[in-house]
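Data first, discussion second: the structure below is written as structure tokens.
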Amino acid sequence: MKKAVIFDMDGLMIDSERVTYNEYVKKLAQLGHHDFTEELYRNCLGKNKPGICQVFIDHYGQDFPMTEVWDDVHVWIDESLRQYVPKKKGLVELLEYLKANNYKTIVATSSGRARVDEILKNADLTKYFDDTICGDEVTHGKPHPEIFLTACQKLDVKPEEALVLEDSEAGILAAYDGHIDVICVPDMKYPEPQFVEKVTKIVDSLDEVIDYLKAQ
């Protein structure tokens, strides 16, 4: 019996990956790079800051102005999300169901604390969650299971009593290695076969998770 649901944020609850990708394209074009494809961006999904930076350095070289790119892009993203936070289909319906049926809920995301608090507030989502844990509050980022295991500790549930909702391969692996069931809601990238075999279920939208929970 599941007692808690652990939510990723970007790409899972918030349709922010498309916003982020578009801002990277804009910044890289300013620097004369017009080859930043969705395929390359997908390598960043689910990673913390050091992991994302490494993707760029591996592709563009050690001289790539990563600090400038990171800072400018994230200022632009934050400006965009202050104006409007695009929520994923079925999110509110799922959260209302969980609240009505006394599930514990937590956000476990690679994003930093200040960004998470602001986005959840602007999206009017804070009221649905018992707690949050952010990428700057753990030692090891996804795909390490630390953030999800810590989420279970915060909610006082065992890993087998929790369900992780993720869109990224790194998140799937983190949940799997933490021995926590995970449902994938793909965003910009459908998981590769070696990750598909690690998930409990793949659904098209978050409201489909309700049927899974009702069948428990």
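Fair warning: this is a prediction, and the values are worked out from it, not measured in the lab. Residues: numbered from 1 along the sequence shown.
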* Asked: Is the number of heavy atoms from other residues, nucleotides or ligands under 6.0 Å of E39 CD greater than 12?
  -> no

* To do: Please report the C-alpha distance between L173 and H144 in whole Å, then the side-chain angles of each, then the deciding distance to 0.1 Å, and finally whether the side-chain contact (heavy atoms from CB on, under 4.5 Å) criterion is met.
  => CA-CA 8 Å; L173 186 57; H144 193 282; over 6 Å; no

* To do: Say whether, by atom type as modelled, one donor and one acceptor occur between the side chain of K87 and the main chain of M13 under 3.5 angstrom.
  => no

* Structure fact -> By side chain to side chain donor-acceptor pair (under 3.5 Å), Q153 pairs with (sequence neighbours left out) none

* Does V209 belong to the same Ile/Leu/Val/Met/Phe/Trp/Tyr cluster as L98, with side-chain heavy atoms less than 4.5 Å apart forming each link? -> yes

* **Gap separating the CD1 atom of I183 from the CG atom of L213, nearest 0.5 angstrom** => 6.5 Å

* State which residues pass salt bridge (Lys or Arg N to Asp or Glu O under 4.0 Å) with K201; sequence neighbours excluded, sorted by chain then number. => none

* Hey, could you give me the CZ/CD1 distance between R113 and I133, rounded to the nearest 0.5 Å? => 8.5 Å

* Apply side chain to side chain contact (heavy atoms under 4.5 Å, CB included) to H33 and list each qualifying residue two or more places apart in sequence or on a separate chain. => L28, L31, D35, Y60, F64

* CD1/I119 to CG/L81 distance, rounded to the nearest 0.5 angstrom? -> 5.0 Å

* **Pairing residues for E93 by the salt bridge (Lys or Arg N to Asp or Glu O under 4.0 Å) criterion, not counting sequence neighbours** => none

* Side-chain (K26) to main-chain (Y21) donor-acceptor, under 3.5 angstrom -> no

* **Residue pair S205 / L91, side-chain heavy-atom distance below 4.5 Å** => no

* **Linked, directly or transitively: I52 and M9 (ILVMFWY side chains, under 4.5 Å)** => yes

* Do F7 and V164 come within less than 4.5 Å of each other through their side chains, counting heavy atoms only? -> no

* For the residue pair Y24 and F36, does the interplanar ring angle fall in the parallel (under 30°), tilted (30 to 60°) or perpendicular (over 60°) class? -> tilted

* To do: Say whether, by atom type as modelled, one donor and one acceptor occur between the side chain of E146 and the main chain of H140 under 3.5 angstrom.
  => yes

* **NZ/NE/NH1/NH2 to OD/OE distance under 4.0 Å, D130 and K104** => no

* To do: Answer whether the closest heavy-atom distance between the side chains of Y84 and N122 falls below 4.5 Å.
  => no

* Under the side chain to side chain contact (heavy atoms under 4.5 Å, CB included) test, residues paired with S80 that sit two or more places apart -> V19

* **Test item: L163 and I6 side chains (from C-beta on) under 4.5 Å apart, heavy atoms** => no

* **Pairs satisfying salt bridge (Lys or Arg N to Asp or Glu O under 4.0 Å), at least one member in residues 191-200, at least two apart** => K189-E192

* To do: Sequence neighbours left out, what pairs pass side chain to side chain donor-acceptor pair (under 3.5 Å) with at least one residue falling in residues 61-75?
  => K27-E68, K27-D72

* Qualifying ring-ring contact (aromatic ring centres under 6.0 Å, His included) pairs with a residue from residues 167-190, counting only residues at least two apart or across chains -> none

* Mind checking whether P186 and P191 have side chains closer than 4.5 Å, heavy atoms only? -> yes

* Asked: Side-chain heavy atoms under 4.5 angstrom apart, residues restricted to Ile, Leu, Val, Met, Phe, Trp, Tyr: same cluster for Y212 and F148?
  -> no

* For Y128, side chain to side chain donor-acceptor pair (under 3.5 Å) partners two or more places apart -> E96

* Structure fact -> When rounded to the nearest 0.5 Å, the distance separating SG of C134 from CG of D117 is 6.5 Å

* **Distance-minimising heavy-atom pair for I180 and C152** => CD1-SG, 3.9 Å

* Inter-residue atom distance L40.CG - D58.CG, 0.5 Å rounding -> 10.0 Å

* To do: State which residues pass side chain to side chain contact (heavy atoms under 4.5 Å, CB included) with D124; sequence neighbours excluded, sorted by chain then number.
  => K127

* Asked: Residues two or more places apart in sequence or in another chain: which of them pass side chain to side chain contact (heavy atoms under 4.5 Å, CB included) with E161?
  -> K3, V157, K158

* Who passes side chain to side chain donor-acceptor pair (under 3.5 Å) against N43, sequence neighbours left out? -> none

* **Residue pair L165 / L206, side-chain heavy-atom distance below 4.5 Å** => yes

* **Main-chain N/O of G171 paired with K142 side-chain donor or acceptor, under 3.5 Å** => no

* With hydrophobic residues grouped by side-chain heavy-atom distances under 4.5 Å, do V199 and L94 end up in a single group? -> no

* Within-4.5 Å side-chain heavy-atom neighbours: D10 and D167 -> no

* Could you go through the side chain to side chain donor-acceptor pair (under 3.5 Å) check for D8 and S168 one step at a time? => CA-CA 9 Å; D8 177 44; S168 73; 5.3 Å; no

* Structure fact -> Rounded to the nearest 0.5 Å, the NZ atom of K49 sits from the SG atom of C44 at a distance of 13.5 Å

* Asked: If Ile, Leu, Val, Met, Phe, Trp and Tyr residues are connected whenever their side-chain heavy atoms lie under 4.5 Å apart, and connections chain through other members, are V107 and Y103 in the same group?
  -> yes

